[in-house]
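In what follows, every heavy atom counts, from backbone to side chain, and hydrogens, waters and symmetry copies are set aside. For ligands, and for the atoms within them, numbers begin at 1 and follow the listed sequence.
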Amino acid sequence: MTETGKKIRVGVVQNSPEFGSVEKNIDEVRQLVLAKTQDKTDLIVLPELFATGYQFVSDTELDRLAEEETGPTFQFFTELSFKTGAIVVGGLPIRRSKGITNSALVVFEGMLLASYDKIHLFDEERDLFIEGEKPLPIIPTSFGPMGVMICFDWLFPEALRSLALGGALIVAHPSNWVLPFGPQGMILRSVENRIFTVTANRVGKEERGGKKPLTYIGKSQIISPNGVVLGQASGENTEMLITDVSPFEALSKKVAGKSDFFQQRRPELYRI
Ligand code: ACM
């Protein structure tokens, strides 16, 4: 158990998957993580769809690469978790009864702590995936409650707000950012909720099946509740960022002596 207030070690993987080469992509992430985590790590976050690639061109292709909840990605996260001691979070397409979801698994030593299906699908994802129907998860961990959201969810302020109001101190955020304003935008999200955010993004380009080219902007990052960028990866390289954080700093929602973000909320006056 991590004691209250103690620092935890967070690792963020920024990879560049070759579309459809799941085994190769998993093996590259395995090599990267094992080379970088000689010391115990508490949390490892991987990008959205980190092993398949992002730009699916047909339902058939997506179906071929989709997994069951306890498929190869779960097995890989289990292996990484046993080898590093970390809770592992990352994205994959999951075959559900009504269709395929753009999902994230949270795994610790062979236990599926949560599986989250993205609730705000971005652009052409809407032609392929079905929307998640369950609330954003908050998982009890030895370092306090942890939330999960996926990429575009961040642009819906209610998503992170609801995780923070639900008690999450840190949020794992597997992403495939293509829009340029994510890294800066997430600083404000972290500050307005006084919460740690851990965004794992990918790098590289995809231009498949006549679709518009996509360039992934990297810049995976860890942001503190004060908006300090505790670590940020490059815009173009495969790499793993390691940073120590104290999630319990996010327990206080005070931004100044007499101003507490959560106590001063006026939900009865908001036009919702
Ligand atoms: C995104 O949600 N992958 C931009």
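- Each of the following atoms of ligand 1 lies closer than 4.0 Å to a heavy atom of C151: 1 (C), 2 (O), 3 (N), 4 (C).
- R30 forms no cation-pi arrangement with F76, by the criterion of a distance under 6.0 Å to the ring centre and an angle within 45° of the ring axis.
- The distance from ligand 1 to the heavy atoms of E48 drops below 4.0 Å at these ligand atoms: 1 (C), 3 (N).
- Ionic pairing of E192 and R161 is not present here: no N-O contact between side-chain nitrogen and carboxylate oxygen is shorter than 4.0 angstrom.
- F261 does not carry R194 over the face of its six-membered ring by the limits of under 6.0 Å from the centre and within 45° of the normal.
- Polar contact check, W177 against ligand 1: no nitrogen or oxygen pair lies under 3.5 Å apart.
- Per-residue contacts place F122 under 4.0 angstrom from the following atoms of ligand 1 (heavy atoms of the residue considered): 1 (C), 2 (O), 4 (C).
- Within the 4.5 Å cutoff, the side chain of I8 has heavy atoms near those of the P247 side chain.
- For atom 2 (O) of ligand 1, the nearest protein heavy atom (residue, atom name, distance) is K118 NZ, 2.7 Å.
- Close approach of ligand 1 to E125 is summarised as follows: ligand atoms under 4.0 Å from at least one heavy atom of the residue are 1 (C), 2 (O), 3 (N).
- For ligand 1, the atoms lying closer than 4.0 Å to a non-hydrogen atom of Y54 are 3 (N).
- Cation-pi geometry between K253 and F262 is met: the NZ or CZ atom falls under 6.0 Å from the ring centre, inside 45° of the normal.
- Taking 4.0 Å as the cut-off, H120 does not count as a neighbour of ligand 1 on heavy-atom distance.
- For the pair S162 (side chain) and A159 (backbone), a donor-acceptor distance under 3.5 Å is present.
- Between H120 and F156, the distance separating the two ring centers is shorter than 6.0 angstrom.
- Between V178 and ligand 1, no pair of N/O atoms sits closer than 3.5 Å.
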